[in-house]
Each structure stands twice: as C-alpha cells, then as structure tokens.
Amino acid sequence: MTDKNTPNVAFIGLGSMGLGMAKNLLKHGHKVLGVDPSAQAREAFKAAGGTLADTPAAAAKAADVVVVAVVNDKQVETVLFGDNGAAGALKKGDLVMQCATVPAAFARSLGERLAKSGHELLDAPMSGGRGRAESGELTFMASGSPKAFATAESILAATSAKVFRLGNAAGIGSLVKTVNQLLAGVHIATAAEAVALAAKAGADTRAVYEVISASAGNSWMFGNRVPHMLDDDYSPLSAVEIFVKDLGLVLNTGHELRLPLPMAAAAHQLFLAAAGAGWGRLDDAAVVKVYEQAGDFKVSSPKR
C-alpha cells in the first residue's frame, strides 16, 4: 500500500523545470514514474534514479498523483485526454496536479471534467525557473479543494519554498499566474531596454547594473536577467518562446475581459521580434538582441 505521506507520482514533462522537480521528489522518497518525448530528458531522469514509463496512461496506472509540467493547455489536454492519456488510467480519488501556465478558463474546465470522473485537481502553476526547480525552492500559486492540498502536501514540500493557497476553486491559481507573467515579461523587456539605452549612450553597463541593483529602478527580473546580457550568455534557463506564449495568454485574458493591457502588448511585440529573428530557443534575456541589432551595438561588458 502506498504511504499517504509519499504517494507514487506520475510525472509528465521532464523539461527545464519538471526535471528538477522530479529529482527532488526522488530525493524525498517518492517513487516517480517519468514521461517525456525527449530522450535526453528521459536519460537524465533515469540517471537520477527515476523510473520511466512509455505513456502518460502507463505512468498514471501505477501512481496516486499525476503531476503535469508541460508547456501549455494544448499539451495538458493531450497528455491527459489524448491517445494513451493519463486521465483514463486514474483510479477514483486520484489527484492531478497541473503546473503549466494555462488560461484560467481552461483550468476551471479541467477541474469540472476531472470531478465528473471522480478525480481531484490542484491548479498549481509554478514560478522560479530551472534554478529554483533544481533547488526545490519554487513558488506555487495553487487553488483546489482541501483534499487536493492534503494529497499534494509532500509533493509541494519537496519542490517549493512557498505555496500560496488561493482558494478552493480551480482557475484561481492560473489567473494569479497570468498576472505574474504579465509582470515578469514586462520586467524582462524593460530591463533589456534600460541596459540597451545605457550601452548605446556609452555607459559602463556593469556599473549601471550595480547602481540600479541598489536603487528604486531595480526588479527581481532586472537582477536575475541582466547578468545574462552582460555576459552575452543566453544558455536557455527560460526561453524567449515561453514569453511569446505567456504574454499571448495575458493579452487573450485582457481581451476576454475587455481590459486594455498596453504594457503587456508592447513587451509581447518585443519577444515576438526576438523569436522572429531566430532567437526563440535562447534564454529570454536574449530579447535584448532586438535592441542590439537595431542599434548595431552590444550591451555585454567584460567582468571586472
């Protein structure tokens, strides 16, 4: 019988953040069955001691909780309800913990669909990037029933530094994540614009970084992403394409609510320009390349 404190987990999506989460579950004593189309991701998970499953259904059949850490709502739909999807293999009362950034309306609908078949949903989008996923210090913006939170307690404890319990209804967590992504995307875009202005004007960009980091203009994204720009290192920790998607979701939400979101729209255009130039798979800090290309300069600066 599965220990209720360490339920067996089917982990679908061993990508940039999912792999770190799954590894932390292994470290905390969970049996984890991983599913991912990437051979590289599967091998990394297997090397960490995880067990691989061929399909979401096969993983879900042997698990008590299905964690979904894929890219978007279309992928969530596929891994849960498509061919060999996990939902059809769940036992009554099993939990789906949905961690992707998806529209709030989709999360609400997903909760209703799962409830009809006797399953719980924890709407639990996450924030923190690959680094915090690997260290087990993610932030979860979660909503769901008390039973869903109780079932997921050990999973959240193994993977997070902070869990916000935002209500009993699916969709609340995803709505709050949408607000977070508006700010995250705009902050990265404005950080890039500010450093580009400094570089074009001839300022020492590392000195500018130090000044802003200690001043009112600072933001978490400025502090985290500008060093990538200064080092000219765009190894993907998060990707430009993620914010093409997430800011698109933000704008769609504003459209549904008939609320103008001009800052989000401007940032979205910048990320679209970066993706269109071929930088979509680079780290999202590569959005600064749009300015570099337009002005024929570089923001990078040698380390002191």
Side-chain angles (χ1 to χ4, degrees), residues 13-20 36-44 69-76 78 100-102 127-131 133-134 178 180-201 205-206 208-209 219-252 261-303:
L14 301 169
S16 179
M17 296 173 72
L19 182 60
D36 196 279
S38 165
Q40 184 178 4
R42 293 195 302 270
E43 286 304 312
V70 295
V71 172
N72 55 33
D73 53 335
K74 291 181 181 179
Q75 291 188 4
V76 174
T78 298
T101 301
V102 301
S127 180
R130 187 172 77 182
E134 291 174 348
T178 300
N180 181 79
Q181 294 310 92
L182 185 161
L183 289 166
V186 168
H187 286 173
I188 294 170
T190 56
E193 186 164 291
V195 175
L197 174 63
K200 185 65 174 176
T205 50
R206 286 197 182 270
V208 169
Y209 172 71
S219 69
W220 192 93
M221 283 299 190
F222 185 95
N224 187 266
R225 298 308 204 264
V226 171
H228 303 182
M229 303 174 195
L230 299 180
D231 293 341
D232 200 22
D233 181 1
Y234 301 106
S235 303
L237 300 180
S238 179
V240 166
E241 289 287 5
I242 293 295
F243 277 97
V244 172
K245 171 185 74 76
D246 287 359
L247 286 172
L249 187 159
V250 168
L251 293 172
N252 286 341
L261 301 173
M263 301 299 104
H268 189 231
Q269 289 296 306
L270 196 64
F271 282 101
L272 277 172
W279 304 316
R281 293 184 178 274
L282 297 183
D283 188 79
D284 53 34
V287 73
V288 76
K289 286 177 170 289
V290 175
Y291 293 101
E292 291 181 330
Q293 186 179 68
D296 192 24
F297 64 91
K298 297 286 287 184
V299 303
S300 58
S301 174
K303 290 183 178 179

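Computed over heavy atoms, backbone and side chain alike; hydrogens, waters and symmetry mates excluded. All values derive from a computational prediction rather than experimental measurement.
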Checking Arg130 side chain against Gly20 main chain: does a donor-acceptor pair fall under 3.5 Å?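 Not confirmed, Arg130 side chain does not pair with Gly20 backbone.
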Under the 3.5 angstrom rule, does the side chain of Tyr209 hit a backbone N or O of Gly223 as a donor-acceptor pair?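 It does hold such a pair.
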Over all atoms of both residues, closest heavy-atom pair of [X] and [Y]:
X	Y	result
Met17	Ala133	O-CB, 3.4 Å
Val299	Ala196	CG1-CA, 3.9 Å
Leu251	His268	CD1-ND1, 3.6 Å
Val240	Ala275	CG1-N, 3.9 Å
Thr178	Leu249	OG1-CD2, 3.3 Å
Ser238	Phe243	OG-CE1, 4.4 Å

Rounded distance [0.5 Å steps], [atom1] in [X] versus [atom2] in [Y]:
X	Y	atom1	atom2	answer
Gln269	Leu247	CD	CG	10.5 Å
Phe271	Asp246	CZ	CG	10.0 Å
Asn72	Thr101	CG	OG1	9.5 Å
Leu282	His228	CG	NE2	12.5 Å
Tyr234	Met229	OH	CE	6.5 Å
Ile242	Ile188	CD1	CD1	11.0 Å

Run the side chain to side chain contact (heavy atoms under 4.5 Å, CB included) check on Asp231 and Arg206 step by step: do they pass? CA-CA 10 Å; Asp231 293 341; Arg206 286 197 182 270; 2.6 Å; yes
Could you tell me whether Lys200 and Asp296 make a salt bridge, using a distance below 4.0 angstrom between a side-chain N and a carboxylate O?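 Here Lys200 does not pair with Asp296 in a salt bridge, since their nearest N and O are not under 4.0 Å apart.
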Is the shortest side-chain heavy-atom distance between Val186 and Met221 below 4.5 Å?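 A side-chain contact under 4.5 Å is absent here.
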Applying the side-chain contact (heavy atoms from CB on, under 4.5 Å) test to Tyr291, which of Val195, Leu270, Leu197 qualifies?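 Exactly one candidate clears the test, Leu270.
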Not counting sequence neighbours, list each pair that qualifies as a salt bridge (charged side-chain N to carboxylate O under 4.0 Å, His left out) and has a residue in residues 276-293.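 For residues 276-293, and leaving out neighbouring residues, the salt bridge (charged side-chain N to carboxylate O under 4.0 Å, His left out) pairs sorted by first residue read Arg225-Asp284, Glu292-Lys298.
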